[in-house]
Asker: 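Just dropping this structure here.
We count residues from 1, following the sequence as given.
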Amino acid sequence: MVKQTLDFVTSMEFWRMGLLWTLSLLLSYWNLLFSSAPPLSRSPPQSTKPVCIITGATSGLGAAAAHALSARGFFVVLVGRSSHLLEKTMMEIKRKNESARLKAFEVDLSSFQSILQFKDSLQQWLSDSQMHCSIQLLINNAGILAASSRVTSEGYDQMMATNYLSAFALSKLLLPLLRNSSVPARIVNVTSFTHRSVSNIQADKETVTGKRFSRSKRYPFAHVYEDSKLFLLLFSYELHRQLGLMDISRHISVNAVDPGVVETKMMREFPPRLSSLAFKVLRSLCLLQSPEVGISSILDAALAPPEISGVYFFGGKGNTVRSSMLSYDVKLAKELWNTSSDLFLQSKLDFKETSTSVSNFVS
C-alpha cells in the first residue's frame with residue numbers, strides 16, 4: 001500500500017490532477033463570478049407521465065438525481081452495471097417516496113452490445129407496460145476514473161467508452177424515442193470542469209477509442225478522463241447544432257452540465273488516504289459538495305425551459321457559464337462527430353454479424 005501511494009504521488013498524472021484540475025475548477029468559479037447570463041428557472045414536467053433515463057444511477061449523482069426526479073413526477077429508469085446496487089437504490093428511493101415509479105436495467109455502458117440490448121429491452125418494456133413508446137429525458141451521467149488501462153470487448157479504452165462513447169451511442173439510439181415524445185424532450189450530458197485542462201486534442205479513431213493511450217508506458221488516466229469529458233462537451237454542442245438544423249422548433253434540446261467537485265466513489269481506485277486528504281482539503285475550501293447538493297446543476301439542466309439548448313450549466317441556482325474555448329471549436333466537433341459515427345456504425349454491423357452467427361449456430 002505504501003509503495004502504491006508513493007508511485008501514485010510521484011506520477012505526472014497525480015500532479016496534473018492536483019494542479020491543473022484545481023486551476024480548472026477555480027477558472028469555472030471565476031467565470032461564474034463574472035457571468036452576465038441571467039439564471040434560468042426550472043419548469044415542471046409538461047407530461048403527466050414523463051419518462052426519464054439516468055445512466056450511472058446506482059450511486060453518487062445518478063442516485064441523487066433519481067431520488068429528486070422521481071419526487072417531481074418522473075417515471076425514472078435507472079441504468080447501471082450492478083443488479084444488486086440497482087435494487088438497493090430503488091429500495092432507498094421507495095423508502096423515502098412510496099409512490100415513486102421506477103424501473104431498472106442492468107447495462108454495461110462500456111459495451112456497445114450491452115447498450116444495443118438495452119435499447120431493445122427498453123422498447124419492449126414500454127410496449128409491455130402499455131406506455132407511449134417515447135421518453136422525455138435522457139441524462140448521460142455514467143462515468144469512471146480508472147487508475148489503470150482496461151480494454152472493452154470492442155477493443156476500446158474502458159474509461160473513454162464509458163465516459164463518452166456510451167453517451168454518444170445511447171443518444172443516437174434513443175433519438176427516435178425522444179422524437180416520439182408528445183412534449184419537448186431533452187438530453188443532458190454530465191461533463192466536468194477538467195475539460196479545461198485540455199489545450200490540444202485530435203478527434204481521430206485512435207484517440208476517440210482510447211487505443212492511443214494503451215501504448216503509453218504508464219496509463220495517463222488524468223489525460224484520458226479530461227479528453228473524455230471534453231469529447232462529451234463537443235458532442236453536446238454538435239448535437240445541439242444538428243438537431244437545430246433538422247428541427248427549427250427544437251423538439252429535442254441538449255444541455256451540458258458540470259456539477260463541480262462532488263463527494264462520490266469516483267476516486268475509489270486510488271490510494272484511500274490520498275482520496276480522503278483531497279476531500280478534506282476541498283471541504284475546508286468549501287469546494288466539496290454532497291451528491292444531494294451537487295445535483296442542483298443537473299436539475300437545472302434537466303428542468304430548464306424547453307427552448308434552452310446548447311447551454312453549459314455550472315454552479316447551481318440556474319447559473320450557466322462558458323466552457324473552454326476549445327470546446328466551441330466547430331471543426332473539431334464535426335471531426336469528432338464523424339469519427340464517433342463511423343465507430344457507431346461499425347459497432348452496429350459487428351453486433352448484427354454476431355447476432356446472425358449465434359442465430360445460425362442455435363438453429
Side-chain angles (χ1 to χ4, degrees), residues 16-43 60-62 64-65 68-69 139-141 143 145 163 167 186-199 222 225-240 253-264 266-267 278-329 333:
R16 186 177 184 88
M17 289 172 65
L19 297 178
L20 274 186
W21 287 15
T22 301
L23 288 173
S24 297
L25 177 62
L26 294 176
L27 182 56
S28 289
Y29 278 110
W30 178 265
N31 288 344
L32 178 62
L33 188 63
F34 292 98
S35 174
S36 58
L40 298 169
S41 60
R42 296 178 184 175
S43 300
L61 290 167
L69 290 170
I139 300 180
N140 288 309
N141 166 72
L145 178 56
N163 295 5
R186 172 166 285 151
I187 297 172
V188 174
N189 291 322
V190 181
T191 181
S192 166
F193 58 88
T194 59
H195 81 274
R196 297 184 187 279
S197 301
V198 184
S199 58
Y225 186 81
E226 298 161 9
D227 289 356
S228 69
K229 292 301 182 179
L230 176 61
F231 282 157
L232 189 54
L233 197 47
L234 285 161
F235 163 61
S236 300
Y237 294 152
E238 182 59 23
L239 182 58
H240 159 76
S253 57
V254 186
N255 288 323
V257 55
D258 174 9
V261 182
V262 182
E263 191 169 4
T264 65
M266 184 70 79
M267 299 281 287
F279 283 147
K280 285 180 180 178
V281 172
L282 290 167
R283 192 178 293 111
S284 68
L285 296 173
C286 298
L287 295 175
L288 184 66
Q289 309 167 89
S290 67
E292 291 70 26
V293 174
I295 60 164
S296 177
S297 293
I298 295 178
L299 296 180
D300 290 340
L303 302 175
E307 66 273 13
I308 301 301
S309 185
V311 175
Y312 182 67
F313 284 83
F314 175 79
K317 300 179 181 179
N319 287 307
T320 62
V321 298
R322 285 187 61 81
S323 49
S324 69
M325 288 184 63
L326 189 59
S327 69
Y328 294 107
D329 188 324

Asker: Below 4.5 Å, heavy atoms only, C-beta onward: do R196 and D258 meet side chain to side chain?
Answerer: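 The answer is no, as the side chains (C-beta and beyond) never meet within the 4.5 Å cut-off.
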Asker: Would R16 and Y225 count as a cation-pi pair here, with the cationic atom under 6.0 angstrom from the ring centre and within 45° of the axis?
Answerer: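 Geometry flag: not set, cation outside 6.0 Å or 45°.
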Asker: Between E263 and R283, is there a donor-acceptor pair closer than 3.5 Å when you use the side chain of the first and the backbone of the second?
Answerer: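 Absent.
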Asker: Is a side-chain donor or acceptor of S309 paired with a backbone partner of V254 at a separation under 3.5 angstrom?
Answerer: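 Indeed, once roles are kept as given, a pair shorter than 3.5 Å links the two residues.
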Asker: If only atom types and distance count, is the side chain of R186 paired as donor or acceptor with the main-chain N or O of A302 below 3.5 Å?
Answerer: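 Yes, the answer is positive, given that a donor and an acceptor are paired below the 3.5 Å cut-off.
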Asker: Pairing donors with acceptors under 3.5 angstrom, does anything connect the side chains of Y312 and S327?
Answerer: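 Their side chains do not contain a donor-acceptor pair, so the 3.5 Å distance test is not met.
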Asker: Classify the ring geometry of Y29 against F314: parallel below 30°, tilted from 30° to 60°, perpendicular beyond 60°.
Answerer: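 Taking F314 first and then Y29, their aromatic rings stand perpendicular (interplane angle over 60°).
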Asker: Is there a donor-acceptor contact under 3.5 Å from the side chain of S323 to the main chain of Y328?
Answerer: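 The answer is no, because no donor-acceptor pair under 3.5 Å joins these two groups.
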Asker: When you measure from the side chain of D300 to the backbone N and O of R42, does any donor-acceptor pair fall under 3.5 Å?
Answerer: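 Not a single qualifying donor-acceptor pair exists.
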Asker: What's the shortest heavy-atom distance between N255 and I308, and which atoms?
Answerer: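 Here N255 and I308 meet closest at ND2-O, 3.4 Å.
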Asker: Where do V261 and F193 land on the side chain to side chain contact (heavy atoms under 4.5 Å, CB included) test, with the steps shown first?
Answerer: CA-CA 9 Å; V261 182; F193 58 88; 3.7 Å; yes
Asker: Side chains of L303 and S43: does their closest heavy-atom pair fall under 4.5 Å?
Answerer: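 Of all side-chain heavy-atom pairs linking S43 with L303, none is under 4.5 Å.
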Asker: Give a yes or no answer on whether the side chain of D329 reaches the backbone of L326 with a donor-acceptor pair at less than 3.5 Å.
Answerer: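 No, D329 side chain to L326 backbone: no donor-acceptor pair under 3.5 Å.
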Asker: I'd like to know if the side chain of K229 reaches the main chain of V190, judged simply by a donor and an acceptor atom lying under 3.5 Å from each other, with no hydrogens or angles considered.
Answerer: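 Present.
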Asker: If we only count heavy atoms from C-beta on, is the S253 to P306 side-chain gap below 4.5 Å?
Answerer: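 Sidechains of P306 and S253: no contact.
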Asker: Would you call T194 and S24 a side-chain contact if the rule is heavy atoms closer than 4.5 Å?
Answerer: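 Side chain of T194 against side chain of S24, heavy atoms only: no contact under 4.5 Å found.
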Asker: Treating S297 as the side-chain partner and G315 as the backbone partner, does any N or O pair qualify as donor plus acceptor under 3.5 Å?
Answerer: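 Flag set: sc S297 to bb G315 pair under 3.5 Å.
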